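Notes to accompany the following structure.
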Amino acid sequence: MSNKIVVLGVTGSIAAYKAVDVASQLTQKGIDVEVILTKAATQFVTPLTFRSITARPVVTDMFQLASPFSIEHVALAEAADLIAIAPATANIIAKLANGIADDSLTCTVLATAAPVVIAPAMHTGMYNNPVTQLNLTKLHQRGFTLIGPLHGRLASGGIGLGRFAPPDEIVTTICHLLDRKKDLIGKEVIITAGGTQEAIDPVRYIGNRSSGKMGYALAAAARDRGAHVRLISAPTSLAKPLGIEVIDVQTAEEMSVAVGEMISRVDILIMAAAVADYRPVKMQKEKVKKADQRWDLTLERTPDILAETASCTPRPLRIGFAAETENLLHNAKVKLDQKDLDLIIANDITIAGSGFGADQNQVVIIDRTGCIEELPLLNKTDVAQRILDRVVKLLAE
Ligand code: PMT
């Protein structure tokens with residue numbers, strides 16, 4: 001990463017202190033980090049903090065006479081390999097979406113040809129406001145990469161969507177973009193995510209612990225590598241990724257129908273969803289009242305979606321996951337053979353901090369020849385990129 005220049009724009013959000021970590025991690029990777037603080041950001045963090053971390057002057061004022069840059073916004077805009085705005089407030093997002101250039105940061109972004117990354121952080125209401133959503137859509141359509149926000153605890157004390165993405169994830173995304181491969185341009189991809197829910201009655205269902213994070217990370221990574229992505233999503237609390245067509249489903253049957261409708265038109269199917277293998281034979285129309293006696297549920301098999309796509313023509317690349325608690329490699333290989341897959345991602349879900357619900361995952365990639373690639377515990381974004389690297393190799397073959 002040496003010889004790379006990242007302009008880090010920091011705006012006026014309480015999450016501004018986390019940008020110090022972003023600057024520090026990028027600097028440690030050998031990247032030259034040029035920090036621009038908006039006026040509001042200086043209320044939360046000081047230029048000296050960033051200057052100490054990056055060993056570079058920090059821009060706070062368009063008209064800084066002592067600045068080392070001749071015309072700052074032009075010099076930085078041209079020098080940047082990438083511009084990251086983290087955290088990005090609703091205000092900066094609105095300005096950028098509408099071409100307003102009234103300070104160093106907005107002028108620099110307007111003048112640059114470099115890729116731009118935005119990590120929004122704000123109150124849920126501001127984030128969900130249709131104006132903010134429209135502005136984000138505009139930026140995404142212009143090719144900006146959006147990271148987060150996440151659902152979680154906010155500065156207001158409430159819980160909701162709007163939390164700044166973890167600095168690690170932002171740094172990983174920046175590094176991937178600096179090293180960007182656009183190797184999936186023109187490819188049609190279906191990714192499934194989340195855990196299906198099989199209704200018992202109007203209140204209860206059979207479900208599982210999938211958060212959808214792995215599938216959503218794959219969808220975002222495929223999109224960033226140029227693919228046209230359709231994400232078939234079982235219920236999750238994740239924000240819908242921009243630039244990706246999301247098809248919401250609830251049950252295994254609905255997911256099967258959605259996959260079946262599109263499979264003949266795609267190049268790649270990746271099933272990260274945790275699909276229920278069984279559902280109640282009959283959904284009760286009314287809520288079942290509790291009683292003293294035992295309640296036995298009779299279950300039947302759901303469609304095996306991956307297996308059903310084995311005979312599809314033209315044949316897309318088909319990648320499955322295997323969530324296992326024992327005999328990882330053996331069980332995964334059996335699934336690869338039974339479902340006639342091109343790759344299977346063996347997922348030992350007993351590893352702490354990995355698998356269901358976690359931000360990280362530790363997987364083993366197995367191909368049809370039995371070749372095994374063991375990955376360390378990585379962020380799901382990194383796992384997604386490593387899986388796509390293998391997919392691209394298979395496409396080339
Ligand atoms: O969502 P997260 O919280 O991020 O967690 C990620 C994950 C652990 C869910 C993911 O990494 C994972 O392992 N997904 C697959 C889970 C699973 O259902 O595994 P399985 O071994 O039961 O199924 C094998 C494969 O067949 C999977 O690709 C599955 O999508 C598919 N399948 C399963 C059942 C079914 N009826 N139809 C299917 O197509």
Side-chain angles (χ1 to χ4, degrees), residues 150-151 169 190-198 206-221 231-238 241 249-260 262-263 268-279 299-312 316-366 375 377-384 386-387 391:
L150 304 185
H151 187 271
E169 193 183 322
I190 301 179
I191 291 167
T192 67
T196 62
Q197 299 179 349
E198 312 298 328
I206 296 174
N208 62 67
R209 297 175 196 279
S210 170
S211 63
K213 287 178 186 172
M214 190 65 246
Y216 276 54
L218 276 160
L231 176 62
I232 303 177
S233 178
T236 79
S237 61
L238 302 175
V249 297
Q250 187 168 16
T251 64
E253 182 65 38
E254 288 170 12
M255 188 171 275
S256 169
V257 170
V259 170
M262 293 172 217
I263 189 73
I268 303 157
L269 166 68
I270 307 180
M271 290 224 27
V275 185
D277 287 314
Y278 292 91
R279 65 186 167 208
L299 305 178
E300 64 182 5
R301 283 295 311 269
T302 55
D304 187 325
I305 305 169
L306 260 183
E308 282 180 352
T309 58
S311 55
C312 172
L317 273 186
R318 294 161 51 255
I319 292 101
F321 275 72
E324 305 294 339
T325 56
E326 56 179 349
N327 300 326
L328 179 69
L329 298 183
H330 172 76
N331 289 344
K333 278 182 192 160
V334 169
K335 283 179 186 167
L336 177 118
D337 290 340
Q338 281 176 349
K339 300 181 194 233
D340 193 19
L341 302 173
D342 295 287
L343 286 180
I344 192 140
I345 317 302
N347 207 162
D348 179 347
I349 52 168
T350 63
I351 298 172
S354 169
F356 286 97
D359 290 329
Q360 296 184 309
N361 211 1
Q362 188 170 340
V363 301
V364 180
I365 305 177
I366 308 174
L375 301 186
L377 185 63
L378 296 169
N379 282 331
K380 284 181 174 166
T381 306
D382 290 331
V383 175
R386 298 287 288 268
I387 293 170
V391 167

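What you see is a predicted model; the values in this text were computed from it and never measured. In what follows, residues are counted from 1 in the order of the sequence shown. Counting starts at 1 for both ligands and their atoms, in listed order.
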The protein heavy atom nearest to atom 18 (O) of ligand 1 is Ala274 CA, 3.3 Å

For the pair Thr251 (side chain) and Glu254 (backbone), establish whether a donor and an acceptor sit closer than 3.5 Å, ignoring hydrogens and angles. yes

With a 4.0 Å cut-off on heavy atoms, is Gly212 in contact with ligand 1? yes

Give a yes/no on ligand 1: does Ala276 have at least one heavy atom closer than 4.0 angstrom to it? yes

Among all protein non-hydrogen atoms, which one is nearest to atom 32 (N) of ligand 1, and what is the separation to 0.1 Å? Lys339 NZ, 3.8 Å

If you measure from atom 36 (N) of ligand 1 to every heavy atom of Pro303, Gly195, Gly320, which option wins on shortest distance? Pro303

Under 3.5 Å, N or O to N or O, is Ala322 touching ligand 1 that way? no

Check each of Lys335, Arg279, Arg318, Glu253 against atom 20 (P) of ligand 1 and report the one with the nearest heavy atom. Lys335

Check Thr309 against Arg318 and note the closest heavy-atom contact, atom names and distance. OG1-NE, 2.8 Å

Is the closest side-chain donor-acceptor distance between Asn379 and Asp359 under 3.5 Å? no

Using a heavy-atom cut-off of under 4.0 Å, does the side chain or the backbone of Val275 touch ligand 1, or both, or neither? both

For atom 1 (O) of ligand 1, which protein heavy atom lies nearest, and how many Å away is it? Ser210 OG, 2.6 Å

I would like to know whether Glu324 and Lys335 meet salt bridge (Lys or Arg N to Asp or Glu O under 4.0 Å); could you show each step before the answer? CA-CA 11 Å; Glu324 305 294 339; Lys335 283 179 186 167; 2.6 Å; yes

Polar contact flag, side-chain donor to acceptor under 3.5 angstrom, Tyr216-Ser233: yes

In this structure, does ligand 1 have an atom that sits under 4.0 Å from one of the heavy atoms of Arg301? no

Which residue supplies the protein heavy atom nearest to atom 11 (O) of ligand 1, what is that atom called, and how far is it? Asn347 OD1, 2.6 Å

What I want to know is whether Thr192 and ligand 1 share at least one N or O pair that is separated by under 3.5 angstrom. no

Hey, does the side chain of Gln250 reach the backbone of Ala234 with a donor-acceptor pair shorter than 3.5 angstrom? no

Out of Ala234, Ala273, Ala332, whose heavy atom is nearest to atom 30 (O) of ligand 1? Ala273

Quick check: does any side chain N or O of Arg386 sit under 3.5 Å from a backbone N or O of Leu378, one acting as donor and the other as acceptor? no

In the protein, what heavy atom is nearest to atom 37 (N) of ligand 1, and what distance, to one decimal place, separates them? Ile305 N, 3.1 Å

Nearest non-hydrogen protein atom to atom 23 (O) of ligand 1, with distance, is Phe321 O, 3.7 Å

Just by distance, with hydrogens left out, do Thr196 and Glu198 show a side-chain donor and acceptor under 3.5 Å apart? yes

Could you find the nearest protein heavy atom to atom 19 (O) of ligand 1 and give me its residue, atom name and distance? Ala323 N, 3.4 Å

Atoms in ligand 1 flagged as close to Thr302, the criterion being non-hydrogen separation under 4.0 Å: 36 (N)

Nearest non-hydrogen protein atom, atom 6 (C) of ligand 1: Met214 CB, 3.6 Å

